[in-house]
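Residue numbers begin at 1 in each chain, while the letters A, B, ... track the order of the sequences. Since this is a predicted model, take the numbers as computed values, not measurements.
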2 protein chains.
Amino acid sequence: MKRVSLKDIARIAGVSPSTVSFVLNGKAKQMRISETLASKIMEVAKKEGYHPNPVAVSLRTGKSQILGLVVETISGNFFASLSRIIEEEAARFGYKIVYTSTENNRQKGKELIGMLSQRQVDGYIITPTPGMEQDIKELIADNKPVVLMDSYFPGIDVPHVLVNNYEGVMKGMSHMIEKGYRRIGFVTVDLNLVQMEERLKAYQDAMQKEGLSTDNLVLTLKYEEEKEKEIGIQQVTSFLKNTPDLEAVFFATNYLGLLGLESIHRLGLKLPDDLAMIVFDDHDVFRLYPPGITCIRQPAEEIAKTALELLMDQLGKGNNNLGGETKLEISPGLVIRGTTEYLPKVNK
Amino acid sequence: MKRVSLKDIARIAGVSPSTVSFVLNGKAKQMRISETLASKIMEVAKKEGYHPNPVAVSLRTGKSQILGLVVETISGNFFASLSRIIEEEAARFGYKIVYTSTENNRQKGKELIGMLSQRQVDGYIITPTPGMEQDIKELIADNKPVVLMDSYFPGIDVPHVLVNNYEGVMKGMSHMIEKGYRRIGFVTVDLNLVQMEERLKAYQDAMQKEGLSTDNLVLTLKYEEEKEKEIGIQQVTSFLKNTPDLEAVFFATNYLGLLGLESIHRLGLKLPDDLAMIVFDDHDVFRLYPPGITCIRQPAEEIAKTALELLMDQLGKGNNNLGGETKLEISPGLVIRGTTEYLPKVNK
DNA sequence: CTGAAAGCGCTTACAG
DNA sequence: CTGAAAGCGCTTACAG
């Protein structure tokens, strides 16, 4: 059962391949092909079950209708959500997604060059990690359509869409402060990424605005250590134990929040009576969790959709309704598990 | 900055394209090309930064080095884990992954035909859902390499790899029974899939073996209703409330477990004192959860790796160390959150 | 209005 | 040992 080719259709319809191609690509009237002939060709194509070979089209046109998606890790709710939505949306524009996760590359020292070298993708959506700057610059220099998600490099002028980290943390801090919390700790990681800096800054600003000191209230884990789960837990545990009068802790990432949960569990602390917790959540992980935790939730759907639109803009598709924007910040939602009642006032 | 082509390399090296092709494809000595010439060509290629155009290779050879991955939903820990591992492993064999989720298709009535019609993939790894039988048959008839994951159709002879559902539930039930639980409920969904049947059967067999009745202890949600989260929760809630002397509940899927948690929360029941819970977990979702829950965990990594190996076998790669096996069942792990101490004996 | 021809970048019989 | 040539299945100037 061989596939029927365009040439087959031409033969059967008794016309030349070019005519078939024009008709099938909707250029019939542009080429002034008679309605009669056009519809006859359409019919034959349909009857024979003709589907153009995308590989041949790609070779000829230089377009593959495939987008490269580079995420940190496909497992993990946030990135999985992003991927799912991007795939859905891309399909609407006739694009497929091939994805690569960078988690190994970073460790094995492999770059996403491997990805780049396969230049059969029409565009890239990338969640940047430190050290990827060079690769992205090459892409840009190569005139490849690129959109960054979740983070960006201040030095590189490329469209990116991410949650408004500063505003998110601010919202969360305001909420905590309003609830009466004063001694609020902040646990972060020394990843050299803008979003981490923004989050820390917002925390500091929020505290300062209230005239609250942040001395000894910030724990910054080393990135390498953080990944050693046990080491991370011990550092957080020690931080929680040795910080006097701690009333609440803000975890700057979802992963840190998990470390925090384990620490709290080990210390036998009760949420939120002994300690309240607030997390800049990757996504909706904490929906599983019992009350006593406040989450800043990132709107994965909005981020993903926007990123794809920005890419479509570059590819000349889409509605261009985003104009010349190259940076979009999306306000985060504030999610509180179990309603705010679970975050009691603190007796000062 | 145009890409260098094979022809360019040939010109620069002063040989014909064929020679370059042979050398670069490691057929130098097979074609009796002199070492000197070969290494010279290699050098030029390297110096010019030559990378073969995969699209051209694909058109010529009919192979794309791309595998199609069809999962139910990419968001969701289990499938995300599967995807990640498959991507990793596939990369080792030089394959990329393009994936499609079926969650929409099912609803919108679209089949994965869209996927099929793009026949530029070399093989398929598919998580089957009801109604996909016909598509899979076509693939087989078309001689496409296919491996099913997580489920299979008894009527179709195609390699598949999944967890041993029966044994998994058996293990879990034995554990509960050993702990002293007798009135154990079972919540499932009327999905017409082998794995669901196996799970129910194991529950029934386990109970029967102990001479325990299962009358009124099984709740089967309608698939459509299950998806309406609120309806599902209400049904489970009502089941929990109206089943007298219920000591424990076995949830047949992860999603059902989530409904169960919400129900338990709403009823104000305390885990595991008022009610113990056991879940056939999609993956490691419940690692987040507090003690009192027992999980049957599916070994995503093993499943994914095995599936890929089976596919590589069909593609003529790999080690063929799986022989002629076309069905692999993997024993599930039994994971108990917070150690078994959290599952107290029941006073009968 | 329509067809013959070139060419996208490779691979691989085939002929020396 | 090496090169000229065909061909994978399309698209698109170009010539009628």
Side-chain angles (χ1 to χ4, degrees), chain A residues 1-42 44-45 48-66 94 117-122, chain B residues 1-42 44-45 48-66 94 117-122:
Chain A
M1 186 160 84
K2 264 195 68 200
R3 284 191 66 175
V4 286
S5 72
L6 184 144
K7 216 185 282 180
D8 295 329
I9 303 300
R11 194 171 26 74
I12 295 169
V15 297
S16 85
S18 2
T19 310
V20 176
S21 175
F22 288 135
V23 169
L24 263 30
N25 288 325
K27 296 183 183 165
K29 66 182 62 127
Q30 188 182 325
M31 289 292 124
R32 309 202 202 176
I33 291 164
S34 70
E35 291 262 347
T36 335
L37 220 198
S39 57
K40 177 185 172 193
I41 290 171
M42 297 284 257
V44 173
E48 300 293 325
Y50 172 70
H51 290 285
N53 179 334
V55 175
V57 174
S58 176
L59 179 59
R60 180 59 229 239
T61 63
K63 303 293 173 197
S64 64
Q65 299 298 102
I66 295 179
S117 80
Q118 130 205 340
R119 308 213 181 212
Q120 84 248 63
V121 305
D122 293 347
Chain B
M1 185 160 88
K2 264 195 64 200
R3 284 191 67 176
V4 285
S5 72
L6 184 145
K7 217 186 281 182
D8 295 330
I9 303 300
R11 196 173 23 77
I12 296 170
V15 296
S16 86
S18 3
T19 310
V20 176
S21 175
F22 288 136
V23 170
L24 263 29
N25 288 324
K27 297 184 183 166
K29 67 184 61 126
Q30 187 182 325
M31 289 292 124
R32 309 200 203 179
I33 291 164
S34 71
E35 291 263 347
T36 335
L37 221 200
S39 57
K40 179 186 173 193
I41 290 172
M42 297 284 256
V44 173
E48 300 293 325
Y50 172 71
H51 290 285
N53 179 333
V55 175
V57 174
S58 176
L59 179 59
R60 181 59 230 239
T61 62
K63 303 293 172 196
S64 66
Q65 299 298 104
I66 295 179
S117 80
Q118 128 206 342
R119 308 212 181 213
Q120 83 247 66
V121 305
D122 292 347

Given DNA chain D, 5'-ward residue of the pair B:Ile33 and A:Val57, judged by closest heavy atom: B:Ile33

Spacing between B:Leu6 atom CG and C:dG9 atom P, to the nearest angstrom: 11 Å

Nearest-Å distance for atom pair NZ/P, residues A:Lys7 and D:dT11: 13 Å

Nearest-angstrom distance from the residue atom NZ of B:Lys63 to C1' of C:dG9: 19 Å

Which atoms of nucleotides 12-16 of chain D (N or O only) lie under 3.5 Å from a protein N or O atom, and what are those distances?
{"unit_1": "D:dT12", "atom_1": "OP2", "unit_2": "A:Lys27", "atom_2": "NZ", "d": "3.0"}

Flag, side chain of B:Thr19 to backbone of B:Val15, donor-acceptor distance under 3.5 Å: no

Sugar-phosphate only, base, or nothing, as touched by A:Val15 at under 4.0 Å among non-hydrogen atoms: sugar-phosphate

side-chain N/O A:Ser16 vs C:dG3 OP1/OP2, d < 4.0 Å: yes

B:Val44: side-chain contact (heavy atoms from CB on, under 4.5 Å) partners, not counting sequence neighbours: B:Ile9, B:Ile12, B:Ala13, B:Glu48

Interatomic distance at P, C:dC14 relative to C:dC10, whole Å: 24 Å

Check: B:Ser18/B:Ser21 side-chain N/O donor and acceptor closer than 3.5 Å: no

Atom pair distance, as rounded to whole Å: CG in B:Leu24 and P in C:dC10: 9 Å

Any donor-acceptor pair under 3.5 Å from B:Asp8 side chain to B:Ser5 backbone: yes

D:dG16: pairing nucleotide in any strand, Watson-Crick or G-U under 3.5 angstrom: C:dC1

Exam field: side chain A:Ser64 to backbone A:Ser58, donor-acceptor pair closer than 3.5 Å: no

Any donor-acceptor N/O pair, A:Asn53 side chain to A:Val55 backbone, under 3.5 Å: yes

Gap in Å between the two C1' atoms, one belonging to D:dT11 and one to C:dT2, rounded: 16 Å

Separation of D:dT2 C1' from B:Leu37 CG (nearest whole Å): 8 Å

Side chain of A:Arg32 - closest among D:dT11, C:dG3, C:dC1: C:dC1

Atom-pair distance (CD on B:Gln30; C1' on D:dT2), nearest Å: 15 Å

A:Asp122 side-chain N/O to A:Gln65 backbone N/O, donor-acceptor pair under 3.5 Å: yes

Nucleotide of D:dC1, D:dG9, C:dC1 approaching A:Asn53 most closely (side-chain heavy atoms): D:dG9

Pairwise C1' distance, D:dG16 and D:dT12 [rounded to whole Å]: 16 Å

Separation of D:dG9 C1' from A:Asp8 CG (nearest whole Å): 10 Å

